[in-house]
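First up is the structure itself, then whatever we jot down about it.
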Number of protein chains: 2
Amino acid sequence: MRMNEGVEWALHSCLNLGWLGPERAVTAGRLAAFYGLPPAYLNKQLQALARAGILTSTSGPRGGFRLARDLDAITLLDVVVAIEGPDEAFRCTQILRQGPGGDPAADYLKLCVISQAMGRADLAWRRELAGQTLADIRATVERGYPDTPERTREWFATVAG
Amino acid sequence: MRMNEGVEWALHSCLNLGWLGPERAVTAGRLAAFYGLPPAYLNKQLQALARAGILTSTSGPRGGFRLARDLDAITLLDVVVAIEGPDEAFRCTQILRQGPGGDPAADYLKLCVISQAMGRADLAWRRELAGQTLADIRATVERGYPDTPERTREWFATVAG
């Protein structure tokens with residue numbers, strides 16, 4: 001059970017877009033070059049963020065990606081769901097339906113005690129992710145690494161692409 | 001990000017072994033037949049539970065699987081980790097190492113604020129899974145479905161294999 005590595009890339013790229021501000025769109029190629037990531041694959045993740053309403057994507061010579069909303073309105077869960085989809089990690093395939101006394105028409109997603117217990121754990125995970133915004137992350141980064149915003153802006157200002 | 005479906009099978013099979021008691025070992029084939037599961041693939045999951053010390057496996061004509069300990073000493077997390085392995089779902093690949101100002105020797109698993117935040121969510125998930133034993137699940141099942149233990153024992157007593 002492994003999360004797509006695009007989640008890590010997407011989270012860092014959103015933070016970088018936050019430091020760059022909304023004035024200019026930034027291409028996938030430049031966002032990828034910042035960490036030496038494969039641009040085409042990062043572009044896929046950024047497109048997923050755009051479909052989820054986290055980024056806006058514009059085409060053309062000055063096109064690229066911008067944040068669609070402030071970082072305080074983007075939770076970790078928003079980004080994870082945009083990349084990974086909304087499904088729970090645990091899939092209840094309702095094997096009780098096929099067991100002795102099982103009812104093929106019953107909804108064991110709701111009835112099965114195991115399914116419910118696994119769902120509670122998933123909920124605890126989502127609650128934790130939903131309780132942290134990218135603005136919280138940014139604030140913690142800036143407390144620990146006060147040079148990061150300026151260094152990020154400088155890099156993007158001097159690197160072409 | 002999807003959990004192996006063997007987690008569902010393993011959890012249900014452990015409950016069934018709990019109702020059957022430690023007197024007789026039960027083959028993977030019979031545990032699989034209870035839900036119409038593919039026996040070879042369930043056997044793999046049961047072997048993983050045995051390696052994790054949740055089941056004991058004996059070979060020979062009367063061989064099969066037994067619980068290695070009481071259900072109150074087996075948490076949902078024990079079973080998930082036995083099947084899925086110990087890794088967190090979120091993989092921090094330390095992309096900060098390759099970024100401007102990144103230190104190739106630094107441990108960004110610990111330093112990266114995003115990695116830490118994702119780790120807290122993983123911990124909330126694990127804490128929830130570790131807080132529920134299979135004895136808790138069994139008790140809830142028996143409250144809601146008091147016939148289940150006897151029906152399970154009857155099925156295994158009458159079905160060969």
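Just so we're clear, the structure is a prediction, and the values are computed from it rather than from any experiment. Lettering of chains follows the sequences in order, A, B, ..., and the numbering in each one begins at 1.
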Considering only heavy atoms, which portion of [X] lies under 4.5 Å from any heavy atom of chain B: side chain, backbone, both, or neither?
| X | value |
| --- | --- |
| A:L77 | neither |
| A:E5 | both |
| A:R151 | side chain |
| A:I137 | both |
| A:D122 | backbone |

### Task
Any side chain to side chain donor-acceptor pair (under 3.5 Å) involving residues 65-91 of chain A? Give me the pairs, sequence neighbours left out, ordered by first then second residue.
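Only A:R69-A:D78, A:T75-A:D78 qualify under side chain to side chain donor-acceptor pair (under 3.5 Å).
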
#### Entry: Sequence-distant partners of A:R153, salt bridge (Lys or Arg N to Asp or Glu O under 4.0 Å), two or more places apart
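Salt bridge (Lys or Arg N to Asp or Glu O under 4.0 Å) check on A:R153 returns A:E150.
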
### Query
Do B:Y35 and B:W9 have ring centroids that are under 6.0 Å from one another?
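No, ring centres 6.0 Å or more apart.
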
### Task
Please flag which part of B:L111 lies under 4.5 Å from any non-hydrogen atom of chain A: side chain, backbone, both or neither.
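Answer is both: backbone and side chain atoms of B:L111 are under 4.5 Å from chain A.
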
### Segment of B:L15 engaging chain A (4.5 angstrom heavy-atom cut-off)
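For B:L15, the side chain is the part near chain A, not the backbone.
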
### Query
For chain A, which of B:G131, B:P100, B:A33 has the most heavy-atom pairs under 4.5 Å?
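Sorted descending by pairs with chain A, the first entry is B:P100.
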
### Task
Give, for atom CG of B:L46 and atom CG of B:L17, the distance between the pair rounded to the nearest 0.5 Å.
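Rounded to the nearest 0.5 Å, the CG-CG separation comes to 7.5 Å.
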
